[in-house]
Amino acid sequence: ARHHAGVFILRVEDTDPARNTEEAYHAALYDLRWVGLDWDEGPETGGQFGPYRQSERDQLYREAGLKLLEEGRAYRCYCTPDELDARRKHALAEKRKPMYDERCFHLSDEERETFEAEGRPSAVRFRVPESGSITFTDIVRGEVVTDNEQIEDFVILRSDGSPLYQLAVVVDDVGMQITHVIRGDDHLSNTPKQILLHQALGGEPPVFAHVPQVSGQDGKPLSKRHGSVSVKEFREGGYLPEALMNYLALLGWGTAEDTIMQSPELIERFRIEDVHSSPARFDHAKLEWMNGEYIRLLPLEDLATRLEPWLAKEGLIKEPPTESERELLAKVVPLINTRIRRLDEAAVLARSLFMDVEMDPAAVNKAMKDAHVRQLLERAVVSLEELTDWRYDLIEERLRQIQQEMELKPKTAFGPIRVAVSGTLVSPPLFESMEILGKDESLRRLRGALATMGGTSKDEL
RNA sequence: GCCCCCAUCGACUAGCGGCCCAGGUCGCCACCCUUUCAAGGUGGUAGCACGGGUUCGAAUCCCGUUGGGGGCACCA
């Protein structure tokens with residue numbers, strides 16, 4: 001819609017009371033907005049063809065259904081759901097196509113009157129022509145032909161009088177002057193039914209584009225067992241909406257050279273007619289990579305703001321942050337922005353810069369057991385104590401000097417110091433971290449590490 | 001069972017009869033950079049499902065096989 005400067009309409013198709021809840025409705029709108037979809041017409045936004053929730057347009061559909069009944073385009077069906085279900089299973093067992101047998105269409109007047117006299121409830125079925133076929137040109141599928149004999153007489157009004165999706169959609173497509181419908185290809189087989197309804201209701205069917213559904217790594221339809229599959233899960237998993245949007249656009253579509261395309265470029269380049277008709281597999285690894293790209297694309301101040309809730313959640317800062325926390329965060333962000341791919345990773349990586357941490361036993365085991373460590377830390381403490389101008393480059397200068405004097409490899413020299421300061425073997429850059437922590441805290445941590453090694457106490461230093 | 005789709009590296013894709021002994025991206029591997037981890041740089045790995053046609057020429061067109069997927073509700 002944006003590519004063609006069209007009108008983007010959001011319609012909520014909630015005709016099934018059994019599946020429709022107020023929470024689900026609000027969650028859906030929230031998710032759509034979060035990924036960056038901004039409809040021109042729709043619920044809460046409004047528009048000249050509202051309301052945009054089908055549950056609020058019930059009367060329209062009932063009238064349309066009854067009109068079709070009067071015109072003889074539809075008929076009453078007295079079969080109960082149980083009966084239909086039994087017949088469907090029977091047909092399947094006999095390896096026949098499970099279609100409605102049209103028995104109520106062939107009811108005699110007496111039979112019909114008997115049913116009515118019994119007070120048997122009836123649903124309304126649309127009468128599909130016996131022969132002929134429906135043809136339409138789908139933007140991604142091309143010409144689609146369906147023989148009418150493959151289409152059963154489908155229900156348009158339930159026995160309680162409420163409308164079904166097929167009817168509601170067509171009534172609204174006509175009433176809302178819909179020109180294009182872009183939807184998942186699970187609706188492909190519904191399309192001929194809707195075209196039939198369009199013809200019966202006297203409207204021009206819209207143009208359809210059926211895009212393939214996304215599948216998991218194994219080629220099976222995307223489901224829970226493939227990991228995160230809902231917008232909510234990605235949001236809560238530390239993904240950026242811009243990255244999700246970019247990644248999703250690339251599923252079933254692509255360009256020769258470019259991968260990272262932000263919204264304006266996507267709008268300019270995306271062509272629905274170039275979308276594949278075969279399903280694409282969702283690749284979490286590529287999304288992760290792309291999310292990292294988007295994190296690095298963010299100005300540092302913006303990244304800091306986006307990180308706030310995540311750090312607050314882990315108790316590293318308050319929400320909203322205090323002024324000093326904000327200043328600290330501003331210093332930390334440039335140290336970690338190339339090191340995280342998801343927003344939630346920041347808290348893990350930078351924890352030691354916000355609070356005191358215990359040394360990780362595994363890290364201690366790996367880096368602190370060598371014979372040179374005690375002397376190394378002692379010398380570091382002595383040397384750094386003398387440092388008055390606490391800057392990372394000067395810290396590095398001092399520590400490097402010790403490293404060279406002791407003839408240690410950088411890794412064996414800085415590893416133990418890193419563990420002493422950050423508690424782990426993997427951390428933001430060491431010298432910058434120490435500058436951020438400050439002289440007192442850095443020295444306190446070095447002495448603390450020495451103390452855990454037994455022997456010389458920190459007082460003696 | 002019936003109807004309908006789809007098929008290029010492990011994944012997402014470019015390709016729309018000669019420019020392709022197939023290009024890009026993720027992943028993976030190696031190297032460089034380097035205080036860890038990343039990021040970044042360089043290079044590499046790997047594919048037109050198969051079999052027939054059509055054509056001077058096929059990843060591109062046609063047919064079949066195989067393999068995947070979707071649909072067949074008083075759900076959407």
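Lettering follows sequence order; numbering is per chain, from 1. In this text the structure is predicted, and so the values were computed from the model without any measurement.
Not a single donor-acceptor pair, N or O on each side, falls under 3.5 Å between the base of B:rA76 and the side chain of A:Asp14. Scanning atom types as modelled, one donor and one acceptor separated by under 3.5 angstrom connect the side chain of A:Arg339 and the base of B:rC37. With hydrogens and angles ignored, no donor-acceptor pair under 3.5 angstrom links the side chain of A:Ser427 to the base of B:rC37. Judged by distance alone with a 3.5 Å cut-off, a donor-acceptor contact links the side chain of A:Arg19 to the base of B:rC75.
Distance check on atom C1': B:rC63 versus B:rG43 gives 44 Å, rounded to whole Å. Annotation: B:rG64 and B:rA7 have their P atoms spaced 15 Å apart (nearest Å). Here the separation of B:rA11 from B:rC50, taken at their P atoms, is 15 Å to the nearest Å.
Residue A:Gly219 is in sugar-phosphate contact alone, with no base atom involved, counting any heavy-atom pair closer than 4.0 Å across all strands shown. Among the heavy atoms of the strands lying under 4.0 Å from A:Ala285 are primed sugar atoms or P, OP1, OP2 only; no base atom is included. A:Thr424 comes within 4.0 angstrom of nothing in the nucleic acid, heavy atoms only. A:Leu84 comes within 4.0 angstrom of a nucleotide base, judged by non-hydrogen atoms across all strands.
At B:rA38, none of the side-chain N or O atoms of A:Arg341 fall inside 4.0 Å of OP1 or OP2 (strictly under the cut-off). Using a 4.0 Å cut-off, no side-chain N or O of A:Arg141 falls inside it from OP1 or OP2 of B:rC4. Distances shorter than 4.0 Å separate none of the side-chain N or O atoms of A:Ser215 from OP1 or OP2 on B:rG68. The side chain of A:Lys286 contributes no N or O atom lying less than 4.0 Å from OP1 or OP2 of B:rU25.
Contact check of residues 262-280 of chain A against RNA chain B (heavy atom, cut-off under 4.0 Å) returns A:His276, A:Ser277, A:Ser278, A:Ala280.
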